[in-house]
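Report on the following structure.
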Amino acid sequence: MFSYPPILPFISICRGRYTSQGKIFAEHVINAAGAWSAELFAGIGLSIPVALEPVYAANFLVSADDIPEGMPIIADYVNQAYFRRWRGSILHMHQPRSRNGKDIARSFSRAVMNPEGANVIYDALSFNVTHQQLDNYLGKVINRFPKIGKPVYAGGYHSFFDITPDLKFILGQDTQLTNLYHCLGAGQALKYAPIFGEIIADLIIEGHVNSKSIDIAEFSIDRFSNNDISQFWQSNALKKNSL
């Protein structure tokens, strides 16, 4: 998912401001600010193509006999949803972020940082799923588990993924500031954190990725520099039916 807001010293490095501890200098700066990157770096004239895309999750209370304790995580390509067991006999489900080019473009058109996302993240009262979304999810649960009986809604919430126009990572050295390195996971940073750490460390210390089996060229932020960003929103490369 997205990172937590960057701390003040990091902002000070980028914008050249003094903190209560004086001016902070760094030989290298790593941008792992996730969804906050666009707003943060706009202050120094850098465009970071990251936006927020909402995901809705819901929990259903079902019989313990219907979801065995060893039930694996299920990626359901028919219902376009993830299912897994939570505490007790709770069935947790959500649908992945949208792969539709128009929906992705809409996320980028809202604002540099989607204020709706910020409100949901920090306001506990906003953690809810609409009745329409809940009814849609309930239908998918019954469709996936036809003998599950009558599931009881046990709570739901919004979650937000930080995404790029082509849904790929942004990794490596910035094309304008050579001592700036980007480590943006496009919604999957937490899962890839160990390898991301090794990659960025290699780039800073060695000047290249040590593992010959890893090529991060396709994840360079340079892919957005000389191209009209709308090409990604009109591309057929985004697979709508993938999880």
Side-chain angles (χ1 to χ4, degrees), residues 1-19 21-53 55 96-97 99 104 107-108 112-114 117-118 121 159-227 229 232 237-238 242-243:
M1 308 289 266
F2 48 81
S3 308
Y4 289 101
I7 58 176
L8 181 60
F10 181 81
I11 298 176
S12 301
I13 293 172
C14 296
R15 298 185 178 179
R17 295 180 180 175
Y18 283 89
T19 70
Q21 303 299 314
K23 198 165 187 176
I24 307 297
F25 294 93
E27 185 176 353
H28 303 284
V29 174
I30 300 172
N31 168 28
W36 283 266
S37 296
E39 186 175 45
L40 176 64
F41 284 93
I44 59 172
L46 287 183
S47 177
I48 312 295
V50 177
L52 288 174
E53 181 73 38
V55 173
R97 62 191 187 280
R99 259 67 172 177
I104 296 170
S107 294
F108 280 84
V112 172
M113 175 180 173
N114 184 354
I121 293 167
S159 181
F160 283 81
F161 281 77
D162 45 330
I163 62 171
T164 58
D166 56 2
L167 303 181
K168 293 182 179 180
F169 308 142
I170 297 179
L171 295 175
Q173 194 174 38
D174 188 77
T175 52
Q176 297 184 54
L177 301 179
T178 57
N179 68 331
L180 171 63
Y181 295 82
H182 298 289
C183 183
L184 304 174
Q188 304 292 335
L190 180 63
K191 300 175 184 177
Y192 289 88
I195 188 63
F196 279 2
E198 290 187 16
I199 288 172
I200 298 300
D202 285 348
L203 291 175
I204 293 175
I205 297 173
E206 305 291 342
H208 58 85
V209 180
N210 283 330
S211 175
K212 294 181 180 180
S213 63
I214 298 176
D215 182 4
I216 64 169
E218 68 175 296
F219 304 125
S220 171
I221 195 171
D222 186 51
R223 69 186 187 272
F224 302 110
S225 299
N226 301 315
N227 301 304
I229 205 168
F232 296 106
L238 300 178
S242 64
L243 290 176

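Position 1 is the first residue of the sequence, and the numbers go up from there.
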All N/O donor-acceptor pairs, side-chain side in residues 178-185, below 3.5 Å, sequence neighbours left out:
from   : atom 1 : to     : atom 2 : distance (Å)
Asn179 : ND2    : Glu27  : O      : 3.3
His182 : ND1    : Asn31  : ND2    : 3.0
His182 : NE2    : Asp174 : OD1    : 2.8

Only distances under 3.5 Å count here; give the side-chain donor-acceptor pairs of residues 212-219 to other protein atoms, sequence neighbours excluded, each with its distance to 0.1 Å.
from   : atom 1 : to     : atom 2 : distance (Å)
Ser213 : OG     : Ser211 : OG     : 2.8
Asp215 : OD1    : Ala217 : N      : 3.0
Glu218 : OE1    : Lys168 : NZ     : 3.2

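Legend: side chain to side chain donor-acceptor pair (under 3.5 Å) pairs involving residues 201-210, not counting sequence neighbours, sorted by first then second residue: Asp202-Asn210.
In this structure, Phe161 and Leu52 have side chains that are not in contact, with every pair of non-hydrogen atoms separated by 4.5 Å or more. Counting heavy atoms from C-beta outward, Ile170 and Ser220 have side chains that stay 4.5 Å or more apart. Between Ile104 and Thr164, every side-chain heavy-atom pair lies at or beyond the 4.5 Å cut-off. Residues Ile48 and Glu39 have side chains not in contact (no heavy-atom distance under 4.5 Å, counting atoms from C-beta outward).
Not a single side-chain contact (heavy atoms from CB on, under 4.5 Å) links Ser47 to another residue, sequence neighbours left out. Considering only residues two or more places apart in sequence or on other chains, Glu198 meets the side-chain contact (heavy atoms from CB on, under 4.5 Å) condition with Ile195.
Taken from OG in Ser37 to CG in Asp162, the straight-line distance is 7.5 Å, to the nearest 0.5 Å. From Glu53, atom CD reaches atom CG of Leu167 across 8.5 Å, with rounding to the nearest 0.5 Å.
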**OP:** Using the side-chain contact (heavy atoms from CB on, under 4.5 Å) rule, take Leu177 and Val29 through it: C-alpha gap first, then chi angles, then the decisive distance, then the call.
**Re:** CA-CA 10 Å; Leu177 301 179; Val29 174; over 6 Å; no
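Here the closest non-hydrogen pair linking Pro49 and Pro165 is O-CD, 3.4 Å. Summarising the geometry of Gly172 relative to Leu203, their closest heavy-atom pair is CA-CD1, 3.7 Å, with the distance given to 0.1 Å.
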